[in-house]
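Comments concern the structure below.
Throughout, a chain's letter reflects where its sequence line sits, starting with A, and its residues are numbered from 1.
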There are 2 protein chains.
Amino acid sequence: MNDVELGEAVRRCGLKNTKGRSAILGILEKSERPVSAEQVFMAMRDGGISANLSTVYRTLEALADKGLARKLTIAGDSRNLYEFNRMEHRHYLVCLACNKIVAIDSCPLRDYEKRLSAETGYLITGHRLDVYGYCPECRISYPQCPSP
Amino acid sequence: MNDVELGEAVRRCGLKNTKGRSAILGILEKSERPVSAEQVFMAMRDGGISANLSTVYRTLEALADKGLARKLTIAGDSRNLYEFNRMEHRHYLVCLACNKIVAIDSCPLRDYEKRLSAETGYLITGHRLDVYGYCPECRISYPQCPSP
DNA sequence: TTTACTGCAAACGGTTTGCAAAAGG
DNA sequence: CCTTTTGCAAACCGTTTGCAGTAAA
């Protein structure tokens with residue numbers, strides 16, 4: 001998305017468009033990994049758009065509320081991460097050595113949710129699945145790996 | 001486990017046993033849901049054993065390090081939760097209305113991890129899966145349910 | 001011109017820490 | 001005894017908030 005499209009996306013969801021907001025949405029869209037508020041803040045500075053950290057938090061929250069972004073947490077990280085909402089159902093593979101996070105497209109849980117619902121009487125609305133391990137690069141140096 | 005056994009478990013893992021420590025381990029063991037540090041703290045007060053909150057944190061951390069407990073986080077809760085480590089592979093079903101957390105015993109991900117490892121080159125060591133929905137009691141009052 | 005947004009500084013909640021005193025083995 | 005553990009208070013970190021000023025529609 002270019003600057004104009006980003007601005008339109010912000011406006012279309014019912015928010016007033018500002019330089020900061022479209023910049024933040026652009027940063028999310030360009031990043032292929034979830035990012036923290038602080039990372040967004042720094043990326044803005046790097047891009048020459050100064051913003052206040054609390055504004056970044058408020059914007060990320062607003063974008064998540066409106067469905068343009070997603071807020072997520074990864075085990076072992078006390079921060080919240082945000083990503084552009086591509087409307088895909090996604091899971092993450094987290095490297096325990098270098099903390100790299102990569103997205104997984106496949107989801108093995110459709111049938112499982114049905115079964116679980118039948119067994120428990122719960123109305124299942126979603127799930128969170130993160131997979132942990134060691135990436136090919138780190139794998140070499142970490143022969144034995146504790147489970148989280 | 002009785003008091004003696006709790007104390008032995010603490011000592012066996014390489015920690016000095018104190019009244020507070022075995023009490024905390026006992027609280028974890030008796031609870032069938034994960035609990036927060038604050039909850040442990042209050043449970044101790046209720047049980048007549050006064051302890052400092054930072055000691056509770058330190059103890060939970062130590063028990064988790066030694067493998068007697070597990071530390072976990074649930075989406076949408078900024079706190080860490082702790083549970084007695086029953087050495088079972090477990091997942092949780094979280095009610096989005098009343099926040100009740102119940103354990104699920106089955107795990108549908110064994111084969112999936114193998115496949116994923118083959119596809120990505122990662123050494124997979126574990127995963128986190130939480131399922132969200134509405135429990136039978138809350139289900140009635142929440143007909144439409146947003147996905148987390 | 002009205003309403004939504006921003007910056008600032010201060011508060012927040014959960015967690016961690018440094019230190020001196022206390023208790024375990 | 002020597003080491004580990006504790007209580008206390010203060011710091012910490014990521015996040016949220018109240019408010020007065022600014023900008024979008």
Side-chain angles (χ1 to χ4, degrees), chain A residues 3-4 6-25 27 34-45 48-66 68-82 99, chain B residues 3-4 6-25 34-45 47-66 68-82 99:
Chain A
D3 286 9
V4 178
L6 289 168
E8 279 166 2
V10 171
R11 242 177 275 106
R12 208 172 328 112
C13 79
L15 295 172
K16 288 194 177 174
N17 182 39
T18 64
K19 242 198 320 187
R21 284 185 170 172
S22 48
I24 289 174
L25 188 60
I27 287 163
V35 289
S36 67
E38 187 91 32
Q39 287 175 304
V40 170
F41 175 73
M42 295 192 303
M44 292 184 77
R45 283 221 139 285
I49 296 148
S50 89
N52 188 281
L53 185 56
S54 29
T55 302
V56 173
Y57 274 108
R58 278 192 277 227
T59 300
L60 289 170
E61 202 62 30
L63 293 176
D65 274 1
K66 298 297 183 177
L68 291 186
R70 274 182 182 167
K71 185 177 185 175
L72 45 102
T73 44
I74 298 288
D77 189 338
S78 60
R79 301 169 309 170
N80 290 125
L81 301 182
Y82 299 85
N99 295 312
Chain B
D3 286 9
V4 178
L6 289 168
E8 278 167 4
V10 171
R11 241 176 276 105
R12 209 172 328 112
C13 78
L15 294 172
K16 288 194 176 176
N17 182 41
T18 65
K19 243 201 314 188
R21 285 187 169 166
S22 49
I24 290 174
L25 187 62
V35 289
S36 66
E38 188 90 33
Q39 287 174 305
V40 170
F41 175 74
M42 294 191 306
M44 291 183 78
R45 283 220 141 284
I49 295 147
S50 89
N52 188 279
L53 185 54
S54 31
T55 302
V56 173
Y57 275 107
R58 279 192 275 227
T59 300
L60 289 170
E61 201 62 32
L63 294 176
D65 274 1
K66 299 297 185 181
L68 290 187
R70 276 182 183 167
K71 186 178 184 174
L72 44 104
T73 46
I74 298 289
D77 190 339
S78 60
R79 300 169 310 171
N80 291 124
L81 301 182
Y82 299 85
N99 295 312

Requested in this report: Please list, in 5' to 3' order, the outermost nucleotides of DNA chain D lying under 4.0 Å from any heavy atom of chain A.
Outcome: D/dG14 to D/dA25
**Report entry** Passing option when A/Leu68 is tested against A/Leu60, A/Ile24, A/Leu25 for side-chain contact (heavy atoms from CB on, under 4.5 Å)
**Finding:** A/Leu25
Query raised in the report: What pairs of residues pass the salt bridge (Lys or Arg N to Asp or Glu O under 4.0 Å) test when at least one of them lies in residues 55-65 of chain B, not counting sequence neighbours?
Result: B/Glu61-B/Lys71
Query raised in the report: When all nucleic acid strands are considered with a 4.0 Å heavy-atom cut-off, which category describes A/Ser36: base, sugar-phosphate, or nothing?
Result: nothing
Query raised in the report: What nucleic acid atoms does A/Ala51 come within less than 4.0 Å of, heavy atoms only: base, sugar-phosphate, or nothing?
Result: sugar-phosphate
Query raised in the report: For C/dC5, does OP1 or OP2 lie under 4.0 Å from any side-chain N or O of A/Arg58?
Result: no
Requested in this report: Answer yes or no: does a side-chain N or O of B/Tyr57 lie under 4.0 Å from OP1 or OP2 of C/dT15?
Outcome: yes
[X] [atom1] to [N] [atom2]: how many Å, rounded?
| X | N | atom1 | atom2 | answer |
| --- | --- | --- | --- | --- |
| A/Asn80 | C/dG14 | CG | P | 14 Å |
| A/Phe41 | C/dT6 | CZ | P | 14 Å |
| A/Leu60 | C/dT6 | CG | P | 11 Å |

Query raised in the report: Roughly how far, to the nearest 0.5 Å, is the CE atom of B/Met42 from the CG atom of B/Leu53?
Result: 10.5 Å
Query raised in the report: Which residues satisfy the side-chain hydrogen bond (donor to acceptor under 3.5 Å, both in side chains) test with A/Arg79, sequence neighbours excluded?
Result: A/Ser36, A/Asp77
**Report entry** Pairing residues for A/Ser54 by the side-chain hydrogen bond (donor to acceptor under 3.5 Å, both in side chains) criterion, not counting sequence neighbours
**Finding:** A/Asn52
**Report entry** Near-strand residues of residues 72-79 of chain B, defined as heavy-atom separation under 4.0 angstrom from DNA chain D
**Finding:** none
Requested in this report: Could you list the residues that satisfy side-chain contact (heavy atoms from CB on, under 4.5 Å) with B/Ser78, not counting sequence neighbours?
Outcome: none
Query raised in the report: Under the side-chain contact (heavy atoms from CB on, under 4.5 Å) test, which residues partner A/Ala69, sequence neighbours left out?
Result: A/Leu28, A/Leu63
Using every non-hydrogen atom in the two residues, find where [X] and [Y] come nearest and quote the distance to one decimal.
| X | Y | result |
| --- | --- | --- |
| A/Val56 | A/Ala51 | CG2-CB, 4.3 Å |
| A/Ala75 | B/Thr73 | CA-OG1, 4.1 Å |
| B/Leu81 | B/Pro34 | CB-CB, 3.8 Å |

Report task. Would you indicate whether the side-chain heavy atoms of B/Arg45 and B/Ser50 approach each other to under 4.5 Å? Result -> yes
Query - 5'-most by nearest nucleotide on DNA chain C - B/Thr55 or A/Thr59 - result: A/Thr59
All N/O contacts under 3.5 Å from nucleotides 22-25 of chain C to the protein, with atom names and distances to one decimal?
from, atom 1, to, atom 2, distance (Å)
C/dG24, O3', B/Asn17, O, 3.3
C/dG24, N2, B/Lys16, NZ, 3.0
C/dG24, N3, B/Lys16, NZ, 2.9
C/dG25, OP1, B/Arg11, NE, 2.9
C/dG25, OP1, B/Asn17, N, 3.2

Extract all donor-acceptor atom pairs below 3.5 Å that involve side chains of residues 13-23 of chain A and protein atoms in other chains or at least two apart in sequence.
from, atom 1, to, atom 2, distance (Å)
A/Thr18, OG1, A/Arg21, N, 3.1
A/Arg21, NH1, A/Lys16, O, 3.0
A/Ser22, OG, A/Thr18, O, 3.2
A/Ser22, OG, A/Lys19, O, 3.4

Requested in this report: Measure the angle between the two terminal helix axes of the helix from C/dT1-D/dA25 to C/dG25-D/dC1, five base pairs each, and quote it to 10°.
Outcome: 40°
